[in-house]
Amino acid sequence: MDGTAGQGTGPKVKQVMMTGKFLRNAWYVAAWSEEILPGKLLARTILGEPVVMYRKSDGSLVALENRCPHRFAPLSLGTLLPGDRVQCAYHGLEFDGSGACVHNPHGAKNIPSRAKVASYPIVEKHLAAWIWMGDKPADPAKIPDFRVLDNVPELHITKLDSIHVKANYELVVDNLLDVSHTSYLHDGLLGNKDTVESDTPVDMDGDDVIVSRYSPNATPPGMFAQFWPGHPERIDKFSRTRWMAPCYLTLFTGICQPGAPRESGTGYHGIHMLTPEDEGSTHYFFTAVRWGVKTDDETNRELREKVAKLRRFAFEEQDGPVIEEQQKVLDKATRQLEPTILSVDVGPVRYKRVLEKLLAAERG
Ligand code: FES
Ligand SMILES: [Fe+2]
């Protein structure tokens, strides 16, 4: 239990509400790898910057500023030419993968020195394309650890999905690090009234924040019950959510026989990758990898679709609307808001401290 957070108003906790700033020297998920198709240009705004991505003929990725230096047309409206060049749709300037203009079809065909766009490091790992938009060297070793996504049997991983949330990414992290909301917002689906009463220890692992929950002797929430044909009437439900700066979460969750070791049960790793589109909106990438699979392949095939649909429904139809309305309330506030802190908020308070520390270090 964190000494600075308690029930009700408790001691004064300065919780950073939407810093409105992004950690720039960090890797962000620009897309699932499979979204960047050969021969296609993919546009996406990341950290408020317009970006266009494409795959070169050797399969490697390119990420460029999506803004032609001539009249600022998005390069994503253009054409990918042989030689891995992008031709602007408006007046035909051509750019290579480094962002340099390599062809000007007009006049003497000179290339003005200002005719270039920014190029960002982008690499593929753990099924995603990771972009670096900071000014410090991009070190792929710093990509967050999502090895749970590597080499997973096809029927054990759900769709590589994403939604767009019209809210600051910190509101989404707040939601994901507070598993208590599953008993209310996702009642019957991911939680129920039996799972309200839970121990919620919070641990630190370096800068990572780990929030655990344990609900002994509960009835199994709907989705988990399907993972376990012939499951006992009462089970223990548990979850362990790890936040990794600035906006990554893995959720190890499941059910087991009351009092049994958790690993003997079944559940899934929930993967949540948040990328700020800008201060008021977020690209939310998610998938799930099952563990302790107790069902046959035919059932796994059905469950893969079902779990993907249920989780998308939970995020899009249950979490999303509340988070977006929260954002509207915050936008309309005429004074600085300071949240009332409950015992379930220890995780969110801790991660905001880490984030503020990292942002302060970046600001120098
Ligand atoms: S706006 Fe791109 S070439 Fe003119
Ligand atoms: Fe939720």
Side-chain angles (χ1 to χ4, degrees), residues 41 43 50 52 64-81 85-96 99-107 109-118 158 161-163 165 167 169-192 195-196 198 200 211 213 221-224 237 239 241 243 247 249-251 253 268-274 282 284-288 307-327 344-345 347-348:
L41 297 166
V52 59
L64 299 177
E65 174 186 358
N66 191 16
R67 185 165 42 204
C68 178
H70 175 224
R71 292 284 179 188
F72 313 120
L75 292 178
S76 56
L77 297 179
T79 309
L80 192 51
L81 300 176
R85 299 168 170 207
V86 181
Q87 183 184 58
C88 181
Y90 207 176
H91 311 96
L93 287 183
E94 290 176 25
F95 301 86
D96 69 10
C101 179
V102 288
H103 181 61
N104 171 10
H106 305 288
K109 303 187 178 1
N110 293 333
I111 295 177
S113 59
R114 287 169 57 176
K116 57 185 170 223
V117 293
T158 62
D161 211 348
S162 64
I163 57 172
V165 184
Y169 76 101
E170 287 190 46
L171 291 181
V172 187
V173 178
D174 294 347
N175 167 283
L176 291 166
L177 256 192
D178 153 33
V179 187
S180 72
H181 82 270
T182 59
S183 302
Y184 294 92
L185 261 187
H186 310 301
D187 184 15
L189 185 64
L190 303 176
N192 57 36
T195 59
V196 178
S198 295
T200 311
V211 179
R213 267 179 88 79
M223 193 166 80
F224 294 95
K237 176 172 185 265
S239 65
T241 309
W243 171 82
C247 47
L249 297 108
T250 55
L251 170 75
T253 185
Y268 65 88
H269 299 274
I271 306 298
H272 306 267
M273 298 153 154
L274 307 168
T282 303
Y284 181 179
F285 301 92
F286 57 93
T287 186
V307 171
K309 267 191 197 152
L310 281 175
R311 292 183 84 238
R312 189 179 172 102
F313 170 79
F315 305 150
E316 196 171 37
E317 307 290 330
Q318 296 181 320
D319 291 310
V322 173
I323 294 170
E324 290 183 352
E325 289 303 315
Q326 264 182 297
Q327 180 69 65
V344 298
D345 293 317

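Start at 1 and go down the list; that is how both ligands and their atoms are numbered. In this chain, numbering begins with 1 at the start of the sequence shown.
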Colleague: Check whether any side-chain heavy atom of Pro69 sits under 4.5 Å from a side-chain heavy atom of Arg114, and report yes or no.
Modeller: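 No, their side chains stay 4.5 Å or more apart.
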
Colleague: To the nearest 10°, what's the angle at the Fe ion (ligand 2) between atoms NE2 (His186) and NE2 (His181)?
Modeller: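 The two atoms form an angle at the metal of about 100°.
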
Colleague: So, at under 2.8 Å, which protein N, O or S atoms would a careful student list around atom 4 (Fe) of ligand 1?
Modeller: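 Hits for atom 4 (Fe) of ligand 1 below 2.8 Å: His70 ND1, His91 ND1.
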
Colleague: Give a yes or no answer on whether the side chain of Asp161 reaches the backbone of Phe286 with a donor-acceptor pair at less than 3.5 Å.
Modeller: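 Here the side-chain-to-backbone pair does not exist.
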
Colleague: Before giving the answer on side-chain contact (heavy atoms from CB on, under 4.5 Å), spell out for Ile271 and Thr250 the whole-Å C-alpha distance, their side-chain angles and the decisive distance to 0.1 Å.
Modeller: CA-CA 5 Å; Ile271 306 298; Thr250 55; 4.2 Å; yes

Colleague: Would you say Asn104 and His91 are linked by a side-chain donor-acceptor pair, where the criterion is simply a distance under 3.5 Å?
Modeller: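 Absent: no donor and acceptor within the cut-off.
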
Colleague: Are any side-chain N or O atoms of Asp96 and backbone N or O atoms of Gly99, one a donor and one an acceptor, separated by less than 3.5 Å?
Modeller: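 At least one qualifying donor-acceptor pair exists.
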
Colleague: Using ring centroids (six-membered ring only for Trp), state whether Phe224 and Tyr268 fall under 6.0 Å.
Modeller: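 Yes.
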
